[in-house]
J.: 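Pasting a structure below so you can have a look.
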Amino acid sequence: MHDEPTVAGPSGLPEEERDGEHDTLKYSLLGPSLTKAGQDAVDQKKVSEIIYHASKGSKFFNNEEVKDRTLTEKITRILARKRQLERLDLTSDIRRADDYIAELDLGRDLSQVVVHLDCDAFYAAVEELDRPELKNLPFAVGKGVLTTCNYEARKFGCRSGMASFVAMKLCPKLICLPLNFDKYSAKAEEVRAVIARYDPRFESASIDEAYLNVTEYCRLHEQTPWDAVAQMREEIHETTKITVSAGIAANAKLAKIASNQRKPNGQFQIAPERDTIMEFMRDLPTRKVNGVGRVFERELDAVGVKTCGDIYAERGLLKKLFGEKAFLFLIQCYLGLGRTNIQPAEESERKSVGTESTFGDLSGKDVLRAKLRYSADELEKDLERTQVKGRTLVLKIKLHTYEVYTRQVVTPFAVHKADDLYRFALPILAKLEKEMGDLKLRLMGLRVTHLVSTKKEGIDFFGMHARPKPPSESVKAKVEDEGEWEVWPEEEFEEAARQERQDEMNEIEALSQDPQDAVDRGDDPPAEGPTQPQASESWFCPICSLPQPANDRVFNAHIDFCLSKQTIRDAVKDTSDAMPDRGPRKDPTTKQPATVRGRKRKMAETRDRPLKRSPFTM
DNA sequence: GCGGATCAC
DNA sequence: TATGGTGATCCGC
């Protein structure tokens with residue numbers, strides 16, 4: 001682990017006394033999965049050196065260096081603030097912290113038995129079932145970057161998230177397999193079928209992790225949690241040939257930590273007693289807690305908090321150093337508190353859908369537009385699967401230097417068609433090109449947020465047709481009291497949706513007769529004088545090619561106005577001129593048939609999709 | 001609300 | 001030679 005004395009990183013010396021300029025960087029380069037199992041017997045110092053020298057000089061490395069320096073500076077500021085605070089009277093902060101601690105401790109719930117299940121090296125384990133000859137060979141899943149690797153490979157220091165070529169330096173015989181998501185999903189379903197017998201309301205945390213509340217199960221079967229979990233693990237292994245590790249505790253946070261203690265193929269219980277829990281947390285490195293990553297670990301380490309027990313001594317400072325949320329989170333770590341309500345993910349919880357892809361360094365306006373078009377096409381597919389559209393569109397780019405930028409626009413209507421995604425994202429890209437000169441990119445991505453459902457019908461697992469959900473109230477109003485189980489007629493739905501979109505366009509047209517009107521409606525304070533386009537500091541609208549003032553709001557207002565003047569077809573034609581080597585596109589107003597396959601995929605995804613929870617809140 | 005940063009897996 | 005994709009949250013502005 002990282003407390004190996006010879007390894008760089010949070011340990012030993014206080015942040016400011018550490019001499020080796022690259023110690024923190026070397027620690028960082030070890031990757032985010034240090035807490036994962038299988039590394040205990042590995043010489044981390046040696047691994048660190050190999051990674052460091054394999055990476056040195058690369059653009060990736062240079063960017064990591066920059067990030068490391070930035071973090072070091074931030075930590076310097078944190079320490080300065082800490083010294084400043086320590087000269088002040090903190091008794092009231094300490095009292096407030098103590099009040100909060102007392103309140104939480106009083107409400108501590110030890111009545112529930114929560115289990116965290118984690119499949120061991122899941123993707124690798126699934127691959128191994130198909131190819132038993134891999135059993136005792138070091139191998140990994142994932143090209144370019146390892147998604148996971150088996151324990152044989154971990155002996156060499158290989159880890160998930162590691163670049164393949166680095167892993168090959170550590171383990172020249174490493175075999176890298178391509179990903180087979182469908183296979184893993186299918187196997188995950190098998191595992192879930194078993195665990196559902198122990199808690200039908202289990203919660204999928206990811207494809208290979210789940211939380212269960214087995215309180216009821218243990219009561220009904222008069223079984224101890226330990227025995228019930230041992231039996232469940234045995235049953236999972238027998239029926240799926242997959243081994244899982246488990247943590248048993250009074251809440252999700254502790255169960256998660258516990259499941260890491262006896263990996264692989266083991267289980268660990270933290271008794272539901274206050275003193276046992278406090279004792280366990282006292283010596284637990286902060287990094288073991290879900291929500292504390294490499295950065296927060298370093299920051300905490302710098303202020304003298306290495307374990308959860310160390311949090312108490314600094315309780316009067318933490319809020320001012322790290323903010324309210326982090327303070328509350330840390331106090332809960334100190335006390336070993338976490339949520340106890342375990343429940344299945346709900347469909348409605350999704351907040352965004354996006355795609356991104358990495359390619360070799362690319363530049364050139366046309367090439368980048370082709371990439372943007374590709375992103376739009378990919379996103380359209382995902383939006384169809386997930387049955388949503390979004391009112392905000394986010395463009396993400398990563399320069400060849402690994403610097404990341406995101407820019408977003410609020411679209412005049414909720415978008416999901418590739419043509420719309422492309423058209424509304426294009427001005428953002430054009431703007432970035434204006435801002436930063438010709439871009440050389442290694443990644444581009446698109447995401448929509450502020451989602452609106454486009455679900456036409458719900459089909460439950462018995463094939464029954466549930467009441468459809470129209471795209472909005474305005475469309476819904478057009479239909480009389482439809483039956484509870486009636487299917488929304490496809491054509492009528494499409495027509496209504498089309499009409500709604502046209503209405504929205506018309507509304508924009510009406511509101512934007514003069515771009516200045518749109519500007520005036522913005523919530524910027526009124527300018528001193530009317531904003532006139534200034535040729536010297538202007539951008540060019542990618543649609544009408546006229547110069548526009550270099551002001552975000554004005555520019556966006558103009559884009560809205562400009563787009564609203566055009567028919568969709570015109571805009572498509574317009575953009576396709578800048579797009580060589582692309583085949584004919586379908587008419588964007590044409591109805592897309594909802595395929596049976598699409599629906600099946602959607603349902604599978606809905607079940608697979610984990611419920612994302614903030615580790616900072618209960 | 002936006003953009004950067006962090007985190008999990 | 002070469003370092004991922006998806007989604008969420010938090011913070012500072």
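Chain A is the first sequence line, chain B the second, and so forth, proteins listed ahead of strands; every chain is numbered from 1.
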J.: Hey, does Phe61(A) reach any base, or is it just sugar-phosphate, or nothing, if we go heavy atoms under 4.0 Å?
T.: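 Since no nucleic acid heavy atom lies under 4.0 Å of Phe61(A), the category is nothing.
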
J.: Find every protein N or O atom lying less than 3.5 Å from an N or O atom of nucleotides 10-13 of chain C, and list the pairs.
T.:
| residue | atom | partner | partner atom | Å |
| --- | --- | --- | --- | --- |
| dC10(C) | OP1 | Ser614(A) | OG | 3.4 |

J.: Judged by each residue's nearest nucleotide on DNA chain C, which is more toward the 5′ side, Lys396(A) or Ala163(A)?
T.: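 Going by which nucleotide is closer to the 5' end, it is Ala163(A).
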
J.: Does Lys46(A), at its NZ atom, have more than 12 non-hydrogen atoms belonging to other residues, nucleotides or ligands within less than 6.0 Å?
T.: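 Result for NZ/Lys46(A): open.
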
J.: Counting only side-chain N and O atoms of Ser58(A), is one of them less than 4.0 Å from OP1 or OP2 of dT1(C)?
T.: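 Checking Ser58(A) against dT1(C): no side-chain N or O falls below 4.0 Å of OP1 or OP2.
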
J.: Counting just side-chain N and O atoms, does Arg294(A) come under 4.0 Å of either OP1 or OP2 of dT6(B)?
T.: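 The answer is no; no side-chain N or O of Arg294(A) sits under 4.0 Å from OP1 or OP2.
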
J.: So, OP1 or OP2 of dT6(C): does either fall under 4.0 Å of a side-chain N or O from Arg350(A)?
T.: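 So the side chain of Arg350(A) is outside the cut-off, no N or O lying under 4.0 Å from OP1 or OP2 of dT6(C).
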
J.: For Thr355(A), answer base if it contacts any base atom (sugar-phosphate contacts may also be present), sugar-phosphate if it contacts only those atoms, and nothing otherwise; contact means non-hydrogen atoms under 4.0 Å.
T.: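 Sugar-phosphate, backbone atoms only, no base.
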
J.: Using a cut-off of strictly less than 4.0 Å, decide whether Asn290(A) has a side-chain nitrogen or oxygen near OP1 or OP2 of dC9(B).
T.: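 Indeed, a polar side-chain atom of Asn290(A) lies that close.
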
J.: For a quick check of understanding: with a heavy-atom distance under 4.0 Å over all strands, which category does Arg407(A) fall into, base, sugar-phosphate or nothing?
T.: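 It contacts sugar-phosphate atoms only.
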
J.: May I ask you to verify if any side-chain N or O of Tyr402(A) is less than 4.0 angstrom from the OP1 or OP2 atom of dT3(C)?
T.: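 Result: yes.
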
J.: Give every residue pair that meets the side chain to side chain donor-acceptor pair (under 3.5 Å) criterion with at least one member in residues 442-451 of chain A, sequence neighbours excluded.
T.: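 As it turns out, the side chain to side chain donor-acceptor pair (under 3.5 Å) pairs with a partner in residues 442-451 of chain A, which skip direct neighbours, are Ser352(A)-Arg447(A), Thr392(A)-His450(A), Tyr402(A)-Arg442(A).
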
J.: Do the side-chain N or O atoms of Gln408(A) get closer than 4.0 angstrom to the phosphate oxygens (OP1, OP2) of dG1(B)?
T.: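 For Gln408(A), the contact criterion (side-chain N or O under 4.0 Å from OP1 or OP2 of dG1(B)) is not met.
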
J.: Check this one for me: any side-chain N or O of Thr406(A) less than 4.0 Å away from OP1 or OP2 of dG3(B)?
T.: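 For Thr406(A), the contact criterion (side-chain N or O under 4.0 Å from OP1 or OP2 of dG3(B)) is not met.
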
J.: If each of Val289(A) and His450(A) is mapped to the nucleotide of DNA chain B with the nearest heavy atom, which maps nearer the 5' terminus, i.e. the 5' end?
T.: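 With Val289(A) and His450(A) compared, the 5'-side residue is His450(A).
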
J.: Answer yes or no: does a side-chain N or O of Thr358(A) lie under 4.0 Å from OP1 or OP2 of dG5(C)?
T.: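 So the side chain of Thr358(A) is within the cut-off, an N or O lying under 4.0 Å from OP1 or OP2 of dG5(C).
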
J.: Cationic tip of Arg339(A) within the cone over Tyr211(A)'s six-membered ring, i.e. under 6.0 Å and within 45° of the normal?
T.: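 Geometry flag: set, cation within 6.0 Å and 45°.
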
J.: Do other residues, nucleotides or ligands put more than 12 heavy atoms under 6.0 Å from Lys325(A) NZ?
T.: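 Check fails, neighbour count at 12 or below.
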
J.: Which sits closer to the 5' end of DNA chain B, Val394(A) or Lys74(A), going by the nucleotide each is nearest to?
T.: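 Of the two residues, Val394(A) wins.
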
